[in-house]
Amino acid sequence: MENQQQNSNSFWNNIIEEYLNGESMSRLSIKYNINLGTLRYHLIKNSVKVRSVKESFVEKPEIKLSKEFKSLIIGLILGDGSLRLGKNFRNPYFTYTDKHKEVHEYLITIFEQNGIECSKIFYKEETKCYSFQTETRKEFLELYDLFYPKDEMEKQKQKRKILPNIILDKIMLLWWFIGDGSSTRQSKAKTHRGQISCKHYNEFILSQLKQFGDCKYYKYSNGGAYYLNNKSFIEFLRYIGECPIECYKYKWITRCSETIMEES
């Protein structure tokens, strides 16, 4: 217990020292993957004078997000990613959670190649998952307004992201499926299918998924899912392409049936 307390004290002492040397709360939040509110609390608790947002804010060079990169971010947000807007910051940051560290290593490389700084990968014992977050960027505001529109969220009486009317491309579908998709590949029944879990029903989204064949949405008490039958699911997988990450390739395995493959 004493060693744990010493480690905790050392952890916060390092952060306080960096802050006093001029590092911003935003960058420290990214570097150590700490919620901004928690970081602010510990600074004040340790009698550190917190600088105003204006004093801390430094305008970052604008980055042009490519269409492909923007599609990847949207696909991640559709799944287990989210954009968050700190209370004292005007620009959002992106954060992602997954049980496989390999996913984060892959994604961080892509984000950094596109000029966006990322935190280290942190393991959360309470959720048994890994996570990382990016720096705050004004380029994320467009996507934040898309998934977190204030009026619509108040109308739906919720604080989490919505499922907007967006035209889905294969990159978005690929990462949405990696995050929230699954396949009942063990089944030998004709009802064998693939699905994408989602608590939101959206007619526009459903109409796009129907391009692959039979697709229905089922609502449950604690969520819901878009279901594709076996033939539709095979077409879906053909469209989105191969899985880029080894740890999720099992989701691409469909029931071995030459008849269904030929008919599809």
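Only this structure's heavy atoms are used, side chains among them; waters, hydrogens and symmetry mates stay out.
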Minimum-distance pair of heavy atoms, taken over all atoms of [X] and [Y]:
| X | Y | value |
| --- | --- | --- |
| Ile108 | Ile121 | CD1-CG1, 3.6 Å |
| Cys118 | Phe132 | SG-CE1, 3.9 Å |
| Tyr217 | Gly224 | OH-CA, 3.6 Å |
| Ile15 | Leu28 | O-CD1, 3.9 Å |
| Ile240 | Leu174 | CG2-N, 4.0 Å |
| Arg137 | Gly115 | NH1-O, 4.4 Å |

Fill in: Lys/Arg cation over aromatic Tyr239: Lys170, 6.0 Å, 45° cone
yes

Ignoring hydrogens and geometry, is there a side-chain-to-backbone donor-acceptor pair from [X] to [Y] under 3.5 Å?
| X | Y | value |
| --- | --- | --- |
| Ser119 | Gln133 | yes |
| Trp176 | Leu78 | yes |
| Lys101 | Cys129 | no |
| Lys216 | Tyr226 | no |
| Gln195 | Ser182 | no |
| Asn46 | Val48 | no |
| Glu112 | Thr109 | no |
| Ser29 | Met25 | no |
| Tyr130 | Lys124 | no |
| Asn202 | Leu163 | yes |

Discussion item. Could you check whether Phe233 and Tyr227 have their ring centres less than 6.0 Å apart?
Written reply: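 For Tyr227 and Phe233, the ring centres are not under 6.0 Å apart.
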
Worksheet item: About how many Å separate CD of Glu68 and CG of Leu65, when rounded to the nearest 0.5 Å?
Response: 11.5 Å

Is [Y] reachable from [X] through a run of hydrophobic residues whose side-chain heavy atoms are each under 4.5 Å from the next?
| X | Y | answer |
| --- | --- | --- |
| Tyr250 | Trp252 | yes |
| Ile30 | Tyr123 | no |
| Leu76 | Ile245 | yes |

Close side-chain approach of [X] and [Y], heavy atoms under 4.5 Å:
| X | Y | answer |
| --- | --- | --- |
| Ile34 | Phe11 | yes |
| Ser66 | Asn114 | yes |
| Leu72 | Phe111 | yes |
| Gln211 | Glu235 | no |
| Ser71 | Met172 | yes |
| Leu237 | Phe177 | yes |

Practice prompt. Inspect the surroundings of CZ in Phe122 and state if more than 12 heavy atoms from other residues, nucleotides or ligands are less than 6.0 Å away.
Written response: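 Result for CZ/Phe122: enclosed.
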
Practice prompt. Step through the shown structure and confirm whether more than 12 heavy atoms of other residues, nucleotides or ligands are within 6.0 Å of NZ on Lys219.
Written response: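 Atom NZ in Lys219 is crowded, with more than 12 foreign heavy atoms closer than 6.0 Å.
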
Worksheet item: Trp12 and Tyr32: side chain to side chain contact (heavy atoms under 4.5 Å, CB included), yes or no, with the steps?
Response: CA-CA 10 Å; Trp12 286 108; Tyr32 294 101; over 6 Å; no

Practice prompt. Would you check, one step at a time, whether the test ring pair (Phe, Tyr, Trp, His ring centres under 6.0 Å) holds for Tyr148 with Tyr144?
Written response: CA-CA 6 Å; Tyr148 305 86; Tyr144 184 86; 4.8 Å; yes

Discussion item. Let's go through Arg193 and Asp214 carefully: what are the C-alpha distance in whole Å and the side-chain angles of both, what is the deciding distance for salt bridge (charged side-chain N to carboxylate O under 4.0 Å, His left out) to 0.1 Å, and is it a yes or a no?
Written reply: CA-CA 10 Å; Arg193 58 183 179 255; Asp214 183 56; over 6 Å; no

Practice prompt. Before giving the answer on side chain to side chain contact (heavy atoms under 4.5 Å, CB included), spell out for Ile63 and Ile116 the whole-Å C-alpha distance, their side-chain angles and the decisive distance to 0.1 Å.
Written response: CA-CA 8 Å; Ile63 295 174; Ile116 296 177; 4.1 Å; yes

Worksheet item: Hey, mind stepping through Lys70 and Glu142 against salt bridge (charged side-chain N to carboxylate O under 4.0 Å, His left out) and telling me if it holds?
Response: CA-CA 10 Å; Lys70 191 178 292 187; Glu142 178 187 353; 3.3 Å; yes

Fill in: Verdict with reasoning, Leu143 to Phe94, per side chain to side chain contact (heavy atoms under 4.5 Å, CB included)
CA-CA 10 Å; Leu143 297 179; Phe94 172 82; over 6 Å; no

Practice prompt. Verify ring pair (Phe, Tyr, Trp, His ring centres under 6.0 Å) between Trp175 and Tyr96, making sure each step is shown before the conclusion.
Written response: CA-CA 12 Å; Trp175 287 100; Tyr96 196 74; 7.7 Å; no

